[in-house]
Amino acid sequence: MPEGHSVHRIARQFARHFVGRTVAVSSPQGRFADGAALLDGRTMTDAKAVGKQMFLDFEDGLWLRVHLGIYGAWDFAGSLELGFDPTTASAGGRMGQTNQQGTVVGAHEDSLASIGAPRRTRLRMAEQEKVVDALESWPPEPIGQVRVRLLTEDAVADLRGPTACEVLDDAGVRAVLDRLGPDPQLDDGPEAKAKFVERLRRSGKAVGLQLMDQAVVAGIGNVYRAEILFRARMNPHLPAKQVTLEQARDLWADWARLLEIGVTTGQMMTMDDLADDAYRAALANRADRHWVYKREGLPCRVCRTHIVLEEMGNRKLYWCPRCQA
DNA sequence: CATCGATGTTGAG
DNA sequence: TCAACCTCGATGG
């Protein structure tokens, strides 16, 4: 499932292709029929992400709140000429290559670029983004269990499998936001940093649990947790109140950096400090993208000690018992 | 083809 | 604390 970076990228797609437009809202699956009727025919006025939550603002103070949970996803389809292209903004000049269909794909398996591609395209935005169909009728038939379809004249977004999908008023949105910690994509200034540092360190719980608590910091998930802790050479079991001020500030800065890379590239690249050729190889090969995540039993990339897998907070935790002693 | 597991949260007990 | 949610790629037979 997407961590914070994916949700920001999805919100960006809505901002680009839906905000300012009248939207036909439906629930092909039927489970969101009432909510769809409330929103149908209104203009979308804003789209924003906070951590893993997304909020789409419609006329008259109505919001659609979506959380993808563990297997939710948005499928976008529309005209490529409108710029459905999550990789054009990617950094480092890592351009795409043309595949056998003439569709342009990125330097890795799950991205899309727009050069010379067919007129219509579709892409999935969850943990992966990729071409599903090159050409099809318009609008396309919903595939599978589509909870919500948002349709404009030239773009469509289908939502399936979300944990949360509901219509809220301003107060409802505020109530959700009040439960969330800071998100460095929204504010990476001193105030947000101080809030993170204070909330992280006020608990005696393990720092590995605190980083996953969305009230401490919004947007970190299981991959980024493991990687951030390794990058800090910090033991996941360290009680959060024993994390020094400087360490806590560094954790925040590193998360802000990794999140920015994720939002820009669409990749959970957590080994950004590699040389350029090694970086390219890491991007190309999913298994080589992380320091510890999903590397249990494999030698640590730094000290060759076997990476450990254990449960923490009902999730798999990966770490190096030597580097993170 | 069947089964498993996942980048997550909620709410029952 | 743990099952439910309800999707789909990866894995195994």
Side-chain angles (χ1 to χ4, degrees), chain A residues 1-10 27-32 49-55 65-75 108-111 122-133 142-149 158-166 168 172 175-181 183 185 205 208-230 236 255 258-259 261-263 265-271 283 285-296 309-319:
Chain A
M1 176 41 34
E3 299 191 20
H5 70 299
S6 308
V7 183
H8 282 284
R9 289 171 65 81
I10 292 165
S27 179
Q29 172 202 57
R31 286 184 54 183
F32 189 65
V50 183
K52 302 170 195 168
Q53 308 264 356
M54 187 177 68
F55 303 92
R65 169 195 164 237
V66 172
H67 193 299
L68 293 176
I70 198 163
Y71 39 56
W74 283 99
D75 280 358
H108 44 84
E109 72 280 5
D110 54 9
S111 74
R122 175 179 279 227
L123 55 113
R124 154 162 287 243
M125 294 195 73
E127 75 277 19
Q128 296 187 349
E129 302 160 357
K130 65 183 178 184
V131 179
V132 174
D133 292 308
I143 298 171
Q145 298 288 305
V146 175
R147 184 81 57 91
V148 185
R149 162 165 283 197
D158 285 345
L159 171 67
R160 43 181 25 97
T163 278
C165 173
E166 61 177 351
L168 296 175
V176 175
L177 294 181
D178 284 347
R179 304 198 307 261
L180 296 176
D183 176 340
Q185 278 288 300
K205 288 193 286 188
L209 285 175
Q210 287 294 90
L211 288 179
M212 291 279 279
D213 184 343
Q214 301 300 300
V216 171
V217 50
I220 294 180
N222 206 28
V223 179
Y224 281 128
R225 161 178 75 172
E227 295 293 295
I228 288 168
L229 287 168
F230 180 86
W255 165 231
L258 292 182
L259 179 60
I261 291 169
V263 171
T265 67
Q267 311 285 321
M268 298 186 90
M269 170 48 72
T270 55
M271 304 199 300
L283 272 185
N285 196 340
R286 224 178 159 72
D288 289 339
R289 239 172 245 180
H290 304 304
W291 290 108
V292 293
Y293 180 72
K294 276 201 171 161
R295 299 198 71 245
E296 71 273 22
L309 166 61
E310 64 181 85
E311 292 276 321
M312 181 183 273
N314 271 338
R315 309 298 298 278
K316 310 263 191 203
L317 169 69
Y318 305 83
W319 61 295

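Computation of the quantities below employed the complete heavy-atom set of this structure, encompassing side-chain atoms and omitting hydrogens, waters and symmetry-equivalent molecules. Note that this is a predicted model, so its numbers are computed, not measured.
- Evaluation of the side chain to side chain donor-acceptor pair (under 3.5 Å) rule for A:E310 yields A:H237, A:W319 as partners, not counting sequence neighbours.
- Across the protein-nucleic acid pair, A:K294 atom NZ and B:dT7 atom C1' stand 8 Å apart, rounded to whole Å.
- Checking C:dT7, B:dT10, B:dT7 against every side-chain atom of A:E3, the shortest atom distance belongs to B:dT7.
- Residues A:E311 and A:L317 have side chains not in contact (no heavy-atom distance under 4.5 Å, counting atoms from C-beta outward).
- For the atom pair A:Q267 CD and A:I261 CD1, the distance stands at 11.5 Å (nearest 0.5 Å).
- In the set C:dT7, B:dT7, C:dC2, the nucleotide with an atom closest to the side chain of A:M268 is B:dT7.
- At the heavy-atom level, A:R225 lies nowhere under 4.0 Å from the strands shown.
- Here A:M212 pairs with A:N222, A:R225, A:R315 under the side-chain contact (heavy atoms from CB on, under 4.5 Å) rule; sequence neighbours left out.
- Checked against side chain to side chain donor-acceptor pair (under 3.5 Å), A:R147 has the following partners two or more places apart in sequence or in another chain: A:Q29.
- If you take atom P in B:dC4 and the same atom in C:dA4, they sit 15 Å apart, rounded to whole Å.
- Qualifying ring pair (Phe, Tyr, Trp, His ring centres under 6.0 Å) partners for A:Y224, counting only residues two or more places apart in sequence or in other chains: A:H5, A:W255.
- In terms of phosphate contacts, A:K52 brings a side-chain nitrogen or oxygen within less than 4.0 Å of OP1 or OP2 of B:dT9.
- For A:Q214, the side-chain contact (heavy atoms from CB on, under 4.5 Å) test picks out A:K52, A:L180, A:A218, with sequence neighbours left out.
- Considering only side-chain N and O atoms, A:Y71 lies nowhere under 4.0 angstrom from the phosphate OP1 or OP2 of C:dC5.
- Between the CG atom of A:L180 and the P atom of B:dT9 there is a distance of 9 Å, rounded to whole Å.
- Rounded to an integer number of Å, the gap from CG of A:L259 to C1' of B:dT7 is 13 Å.
- Rounded to whole Å, atom C1' of C:dC8 lies 16 Å from atom CG of A:D158.
- Atom name P, nucleotides C:dA3 and B:dG5: the rounded distance is 14 Å, in whole Å.
- In this structure, A:M212 places its CE atom 8 Å from C1' of B:dG8, rounding to the nearest Å.
- Atoms CG (A:N222) and C1' (B:dT9) sit 13 Å apart, rounded to a whole Å.
- Look at A:R147 and you won't find any side-chain N or O under 4.0 angstrom from OP1 or OP2 of C:dC5.
- Secondary-structure annotation of DNA chain B gives the stems B:1-6 with C:7-12, B:8-12 with C:1-5, with a stem taken as at least 3 successive Watson-Crick or G-U pairs whose two distances both fall under 3.5 Å.
- Distance check, rounded to the nearest 0.5 Å: NZ of A:K205 to CD of A:Q210 gives 5.0 Å.
- Here the nucleotide nearest the side chain of A:N314, chosen from C:dT7, B:dA6, C:dC2, is C:dC2.
- Here the P atom of nucleotide B:dG8 and the NZ atom of A:K316 are 14 Å apart, to the nearest Å.
- Spacing between atom OH of A:Y224 and atom P of B:dG8 amounts to 11 Å, rounded to whole angstrom units.
- Taking 4.0 angstrom as the limit, A:R315 places a side-chain polar atom (N or O) nearer than this to OP1 or OP2 of B:dT7.
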